[in-house]
Amino acid sequence: MVIKGLVFDMDGLLFDSERIVQRSWNAAGDDLGYPDIGGHIYHTVGFNRARREIYFKGVYGEDFPHDEFQEKAAVHFLEIVNREGMPVKPGARELLSFAKDQGLRLGVATSSSSDYAADNLKNAGLYDYFDGFIYGNMVTRSKPDKEIYEKACRIIGVDPKEAVALEDAPSGIASAYAAGLRPVMVPDLVKPDEETLKKVWLVRTSLLEVIPDLAACLEKRDAEICDK
């Protein structure tokens with residue numbers, strides 16, 4: 001196995017943001033008369049804005065005020081982040097530093113919009129680790145489609161077969177697998193089902209746990225893991 005690059009999802013992987021999203025959705029739903037709407041995040045992790053709109057209108061009907069809901073949710077999200085901060089996931093900085101020290105190319109493949117994602121990465125001091133970014137508004141088909149990972153590999157100049165994808169959700173794992181990357185899942189809100197487990201290379205409980213696996217493969221000293 002040759003590893004020349006890593007491609008990272010963002011929300012739920014680099015940042016503990018999905019729970020904040022869920023709280024902001026509940027608050028926006030309460031404003032608009034849709035109680036407990038945050039529970040739908042378990043079905044929409046990895047969706048971009050367009051695909052979420054299709055989902056919500058499928059659940060609540062074509063009259064669902066998606067744009068107003070998104071605007072209110074964004075306000076509540078910023079209020080929470082300004083009050084409590086945006087937590088970086090354990091091991092994120094350590095894994096990024098290790099990968100840069102190893103000379104790996106690093107990319108981001110997130111369903112989030114460019115402004116939101118770039119601001120969060122810059123505010124956390126993570127932006128400069130990366131060599132390229134593909135955001136949700138830069139693709140026509142969201143995860144689980146393979147488009148975002150194919151583009152991410154192109155933008156960092158790495159063949160998908162020589163890249164590892166880091167993801168927290170089944171839709172992202174399916175996207176990376178379809179694009180030919182080797183997916184590693186670090187579950188957040190959604191745990192892997194049997195179909196997802198068929199597509200993953202590794203499942204780990206934190207990004208910190210991924211470092212020894214990468215080190216073993218880069219140093220060619222653990223065929224059991226690296227040739228899996």
*asked:* side chain to side chain contact (heavy atoms under 4.5 Å, CB included) for Thr110 and Tyr116? Distances and angles first, verdict last.
replied: CA-CA 10 Å; Thr110 175; Tyr116 164 82; over 6 Å; no
_Shortest non-hydrogen contact between Leu104 and Gly5, atoms and distance_ = CD2-N, 4.3 Å
*Which distance, rounded to the nearest 0.5 Å, do you find between the CG of Leu6 and the CD of Gln102?*
10.0 Å
*For Glu68, enumerate each residue passing the side-chain hydrogen bond (donor to acceptor under 3.5 Å, both in side chains) test, keeping only those at least two apart in sequence or located in another chain.*
none
*Can you tell me which residue pairs pass the ring-ring contact (aromatic ring centres under 6.0 Å, His included) test with a partner in residues 119-139, sequence neighbours excluded?*
Phe8-Phe130, Tyr127-Phe133, Phe130-Phe133, Phe133-Tyr135
*Linking I/L/V/M/F/W/Y whenever their side-chain heavy atoms sit closer than 4.5 Å, directly or via other members, would Val45 and Leu197 fall into one cluster?*
no
*asked:* Testing the basics here: between Lys146 and Ala179, what is the closest heavy-atom pair and its distance to 0.1 Å?
replied: CB-N, 3.7 Å
*Who are the side-chain hydrogen bond (donor to acceptor under 3.5 Å, both in side chains) partners of Ser206, not counting sequence neighbours?*
none
*What are the two closest heavy atoms between Gly38 and Asn26, and how far apart are they?*
N-OD1, 2.8 Å
*Should Arg19 and Asp188 count as side-chain neighbours, where that means a heavy-atom distance under 4.5 Å?*
yes
*Does one hydrophobic cluster hold both Ile173 and Leu14, with members joined at side-chain heavy-atom distances below 4.5 Å?*
no
*With His40 as reference, evaluate Phe69, Tyr60, Tyr34, Phe64 under the ring-ring contact (aromatic ring centres under 6.0 Å, His included) test and give the passing residue.*
Tyr60
*If you round to the nearest 0.5 Å, how far is CG of Asp168 from CE of Met10?*
11.0 Å
*Got a sec: does the NZ of Lys161 have more than 12 other heavy atoms crowding it under 6.0 Å?*
no
_Side chains of Ile211 and Leu214 in contact at under 4.5 Å (non-hydrogen atoms)_ = no
*Please answer: with hydrophobic residues joined when any side-chain heavy atoms are less than 4.5 Å apart, are Phe98 and Leu121 in the same cluster?*
yes
*Distance-minimising heavy-atom pair for Ala174 and Lys199*: CB-NZ, 3.9 Å
*Is it true that Glu147 and Lys151 make a salt bridge, defined as a side-chain N closer than 4.0 Å to a carboxylate O?*
yes
*Where do Val81 and Ile20 land on the side chain to side chain contact (heavy atoms under 4.5 Å, CB included) test, with the steps shown first?*
CA-CA 8 Å; Val81 171; Ile20 300 177; 4.3 Å; yes
*Ile37 and Leu32: same hydrophobic cluster, using ILVMFWY side-chain contacts below 4.5 Å?*
yes
*Are any of the side-chain heavy atoms of Ile54 and Phe47 separated by less than 4.5 Å?*
no
*Separation of Arg141 CZ from Ser175 OG (nearest 0.5 Å)*: 10.0 Å
*Report the distance from atom CG of Asp119 to atom OG of Ser113, rounding to the nearest 0.5 Å.*
8.5 Å
*Determine yes or no for a side-chain-to-main-chain donor-acceptor pair under 3.5 angstrom, with Arg105 supplying the side chain and Ile156 the backbone.*
yes
*Between Asp67 and Arg49, is there a salt bridge with N-O shorter than 4.0 Å?*
yes
_Side-chain touch Leu126/Asn120, heavy atoms, less than 4.5 angstrom_ = no
*With the side chain counted from C-beta on, respond yes when Val186 and Leu13 share a heavy-atom pair under 4.5 Å apart, and no when they do not.*
yes
*Could you check Lys100, Arg154, Lys4 and say which one makes a salt bridge (Lys or Arg N to Asp or Glu O under 4.0 Å) with Asp131?*
Lys100
*Where do Trp25 and Ala73 come nearest, in terms of heavy atoms and distance?*
CD1-CB, 3.8 Å
*If you count the non-hydrogen atoms of other residues, nucleotides and ligands that lie under 6.0 Å from OH in Tyr177, is the total more than 12?*
no
*Heavy atoms of other groups near Asn82 CG, more than 12 under 6.0 Å*: yes
*In Å and rounded to the nearest 0.5 Å, what is the CD1 to CD distance from Ile155 to Glu150?*
14.0 Å
*asked:* Using every non-hydrogen atom in the two residues, find where Asn137 and Ser114 come nearest and quote the distance to one decimal.
replied: OD1-N, 2.9 Å
_Do Ile41 and Met185 land in one hydrophobic cluster if side-chain heavy atoms of ILVMFWY residues count as linked below 4.5 Å?_
no
*Hey, are the side chains of Pro183 and Glu167 touching, using non-hydrogen atoms and a 4.5 Å cut-off?*
no
*When you check the gap from the basic side-chain N to the acidic O, do Glu84 and Arg23 get nearer than 4.0 Å?*
yes
*Apply salt bridge (charged side-chain N to carboxylate O under 4.0 Å, His left out) to the pair Lys57 and Glu53, showing each step before the final yes or no.*
CA-CA 6 Å; Lys57 288 187 174 181; Glu53 181 172 3; 3.0 Å; yes
*To the nearest 0.5 Å, tell me how far Phe15 CZ sits from Ser112 OG.*
10.0 Å
_Between Glu18 and Tyr42, is there a side-chain heavy-atom distance shorter than 4.5 Å?_
no
*Side-chain heavy atoms of Leu202 within contact of Val210, under 4.5 Å*: no
